[in-house]
Amino acid sequence: MGAIQALRGTQDILPTEIGYWQQIEATARDIFAKAVYQEIRPPIIEQTELFERGIGEATDVVGKEMYTFRDRGDRSISLRPEMTAGVVRAFIQHSLGAGVHRLWYTGPVFRYERPGAGRQRQFYQVGVENIGTQDPRADVEVIALATQLLQDLGLKSLKLDLNSVGQGEDRQRYREALVSFLSPYKSELDKDSQDRLDRNPLRILDSKDKRTQEIVGDAPSLLEYLGDESRQHFDRVQQLLGDLSINYHLNPCLVRGLDYYTHTAFEIKAESLGNEATVCGGGRYDGLVAELGGKETPAVGWAIGMERLVLLLQQLGEEKPPKLDFYLVSRGDRATAQALVLAQKLRYFGFSVELDLSGAAFGKQFKRADRSNAMACLVIGDAEAENQTVNLKWMATQKQEAIAQSQLLTMTDTLKKQMKH
RNA sequence: GCGGGUGUAGCCAAGUGGUUAAGGCAGUGGAUUGUGAUUCCACCAUUCGCGGGUUCAAUUCCCGUCAUCCGCCCCA
């Protein structure tokens with residue numbers, strides 16, 4: 001077969017579904033603007049080292065899912081597998097400095113994985129980062145933005161899972177406790193968990209293997225190992241979420257896949273998406289800025305997977321049909337020329353206008369007008385062209401009147417009212 | 001990366017080891033050189049994702065490959 005196809009795991013977003021994307025983008029922009037978050041657009045490619053250092057070489061995302069290649073200067077380059085590392089790199093590079101920085105972004109990210117529904121190799125994220133404060137209010141502000149966005153899109157029955165993964169010393173102590181608890185059971189754990197026992201033991205907590213889950217059920221809880229500072233932070237986050245009436249479920253097994261998280265970790269899930277249930281994931285990452293060479297700077301953020309949101313919106317099935325003011329029906333050389341000019345003028349006055357280019361019989365053109373959901377048709381044939389008039393026909397009532405073309409443009413206010421602009 | 005299902009027109013689909021590959025929707029032209037429903041007629045896959053094999057004969061059976069979907073893993 002000669003035709004070239006899109007690469008596996010990449011997708012064309014066609015006009016039939018672009019409405020969902022635009023709806024998400026518009027809603028997000030509006031919410032971010034009101035909370036004074038500013039857009040940032042980091043590049044799609046970065047030095048591979050940025051992700052290795054930022055996200056962690058032991059993570060699946062970096063270890064086996066990254067698109068990495070050498071460029072002509074023999075540098076190791078990677079397509080970004082997520083946006084936070086790039087945003088933080090930009091923050092450091094441009095010395096954005098002290099104080100609180102509220103940022104948001106959207107764009108494609110890349111992970112080399114087996115594609116499926118709601119899971120692509122090139123997929124789109126929208127996310128926020130609140131950089132510069134350790135205040136638990138920042139954690140909650142950010143979570144509130146996510147829940148508001150989902151709510152404004154009409155998505156209900158989403159579940160917010162919350163946990164604290166503590167910080168440095170807490171996690172080190174817990175890690176030791178967990179490893180010594182699990183080691184006697186090593187042979188009973190699933191294979192992946194056995195491998196993780198020394199590499200990344202915390203991730204064993206959210207293994208879906210049944211036997212592993214049973215064992216983990218009796219393991220010491222991360223929450224019991226939180227130091228005073230972590231404990232206080234987490235308590236305050238929960239209290240503030242309560243003040244905002246944001247419902248959440250404590251999930252002590254929630255451990256996120258990227259190394260940089262500290263304190264608050266959360267995910268928002270939709271059960272109707274089955275396996276690919278996580279719509280939004282995020283948390284606090286107080287160590288990342290320093291890890292990437294900046295000053296010690298606390299931060300918190302999240303990312304939403306846009307195609308999963310689109311799937312949820314499609315399940316709601318409430319796409320509005322595009323509205324059209326005028327459908328222009330014309331035939332004959334003089335008439336089609338006049339129709340073209342009239343269409344341009346009406347657009348200048350703010351109307352949406354579709355010009356029928358077929359030159360087919362009027363009957364065919366009206367049929368298309370009907371399907372286009374136009375409020376009204378403007379008809380120019382030989383007779384109208386001769387008199388410089390136009391027939392205005394309202395599709396709903398079938399009422400029709402002849403108007404001078406020049407006059408039509410003087411009654412645009414009246415027309416707009418009838419169009420319910 | 002592993003296990004499984006699927007692949008016939010723009011879309012939804014029936015079908016069979018035997019030579020013309022149903023049907024529906026959409027589209028185009030016409031009945032109706034100038035008015036939307038309905039109707040009627042015609043056209044719309046030299047070919048069944050792609051490549052190879054078995055066979056006198058393959059869309060059908062076999063192998064490979066690509067794509068897609070489900071599960072595992074992981075995440076958004």
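These numbers come from the heavy atoms of this one structure, side chains and all, not from hydrogens, waters or symmetry mates. Within every chain, numbering begins at 1; the chains are lettered A, B, ... in the order of the sequence lines, protein sequences first and strands thereafter.
In this structure, A/F123 and A/P108 have side chains that are not in contact, with every pair of non-hydrogen atoms separated by 4.5 Å or more. Residues A/D325 and A/K323 are in side-chain contact: their nearest non-hydrogen atoms beyond the backbone lie under 4.5 Å apart.
Using a 4.0 Å heavy-atom criterion, one finds that A/C280 contacts the sugar-phosphate atoms exclusively. The residue A/W394 sits close to a base: some heavy atom pair falls under 4.0 Å. Among the atoms of the strands shown, base atoms are found under 4.0 Å from some heavy atom of A/E384. Nucleic acid contact for A/E307: none, since no nucleic acid atom lies under 4.0 Å from a heavy atom of the residue. Across all strands, A/A361 comes closer than 4.0 Å only to sugar-phosphate atoms, never to a base (heavy-atom distances). Nucleic acid contact class of A/Q365 (heavy atoms, under 4.0 Å, all strands): none. Contact annotation for A/G381: base contact, defined as any heavy-atom pair under 4.0 Å involving a base atom. A/E65 comes within 4.0 angstrom of the backbone, heavy atoms only, and of no base. Nucleic acid contact for A/G63: none, since no nucleic acid atom lies under 4.0 Å from a heavy atom of the residue.
Using a 5.5 Å limit on the distance between ring centres and a 30° limit on the angle between planes, the aromatic ring of A/F362 does not count as stacked on the six-membered base ring of B/U35.
Although no hydrogens or angles enter the test, the distance criterion places a donor-acceptor pair under 3.5 Å between the side chain of A/R347 and the main chain of A/V353.
Residue side chain A/Q400 reaches the base of B/U35 through a donor-acceptor N/O pair under 3.5 Å, judged by distance alone. A donor and an acceptor atom never sit less than 3.5 Å apart when one is taken from the side chain of A/R8 and the other from the base of B/C66. For A/K64 against B/G1, a side-chain-to-base donor-acceptor contact under 3.5 Å is absent.
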**Prompt:** Can you give the dot-bracket line for RNA chain B, where a pair is Watson-Crick or G-U wobble with both atom distances under 3.5 Å, crossing pairs use [ ], and | marks a partner on another strand?
**Reply:** (((((((..(((.....[....))).(((((.......))))).....(((((..]....))))))))))))....
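Atom-to-atom, NZ of A/K367 to C1' of B/A26 comes out at 11 Å; the value is rounded to the nearest Å. In this entry the distance linking CD1 of A/I55 with C1' of B/C74 reads 14 Å, nearest Å.
The C1' atoms of B/U20 and B/A45 are separated by 13 Å, rounded to the nearest whole Å. To the nearest whole angstrom, the two P atoms, one in B/C66 and one in B/G51, are 15 Å apart. If you take atom C1' in B/C48 and the same atom in B/A14, they sit 12 Å apart, rounded to whole Å. B/G24 and B/C2: their C1' atoms are spaced 40 Å apart (whole Å). Atom P of B/U46 sits at a distance of 35 Å from the matching atom of B/G1, rounded to the whole Å. Look at the C1' atom in both B/G29 and B/U65: the space between them is 42 Å, to the nearest Å. Separating the C1' atom of B/A22 from that of B/G5 is a span of 26 Å, rounded to the nearest Å.
Residues A/E46 and A/S78 bring no donor and acceptor atom of their side chains to less than 3.5 Å of each other.
The nucleotide whose nearest atom lies closest to any side-chain atom of A/D60 is, among B/G34, B/C74, B/A76, B/C74. Of the listed nucleotides (B/G34, B/G27, B/U35), B/G34 has the atom at the smallest distance from the side chain of A/D382. Distances from the side chain of A/A117 to the nucleotides B/C69, B/A76, B/C74 place B/C69 closest. Which of B/C69, B/A37, B/C74 sits closest to the side chain of A/E113 comes down to B/C74.
Using the six-membered ring where Trp is involved, A/Y67 and A/F110 have ring planes that are perpendicular, over 60° apart on the 30 and 60° scheme. Ring geometry for A/W104 versus A/F32: interplanar angle of 30 to 60°, hence tilted.
Residue pairs meeting the ring-ring contact (aromatic ring centres under 6.0 Å, His included) criterion with at least one partner in residues 359-398 of chain A, sequence neighbours excluded, do not occur; the list is empty.
Using a 4.0 Å cut-off, no side-chain N or O of A/R121 falls inside it from OP1 or OP2 of B/A67. The side chain of A/R368 places no N or O atom within less than 4.0 Å of a non-bridging phosphate oxygen (OP1 or OP2) of B/G27. Put simply, A/R119 has no side-chain N or O that comes within less than 4.0 Å of OP1 or OP2 on B/U68.
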Using residues 142-156 of chain A as the side-chain source, report each donor-acceptor pair under 3.5 Å to any protein atom, sequence neighbours left out, with the distance given to one decimal.
{"unit_1": "A/T147", "atom_1": "OG1", "unit_2": "A/I143", "atom_2": "O", "d": "3.4"}
{"unit_1": "A/T147", "atom_1": "OG1", "unit_2": "A/A144", "atom_2": "O", "d": "3.0"}

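Each of A/K364 and A/M395 was matched to the nucleotide of RNA chain B holding its nearest heavy atom; the match closer to the 5' end belongs to A/K364. A residue-by-residue look at A/M306 and A/R114 shows that A/R114 has its nearest nucleotide of RNA chain B further toward the 5' end.
Note that A/R121 lies in the cation-pi zone of A/Y112, set by a 6.0 Å cut-off to the ring centre and a 45° limit from the axis.
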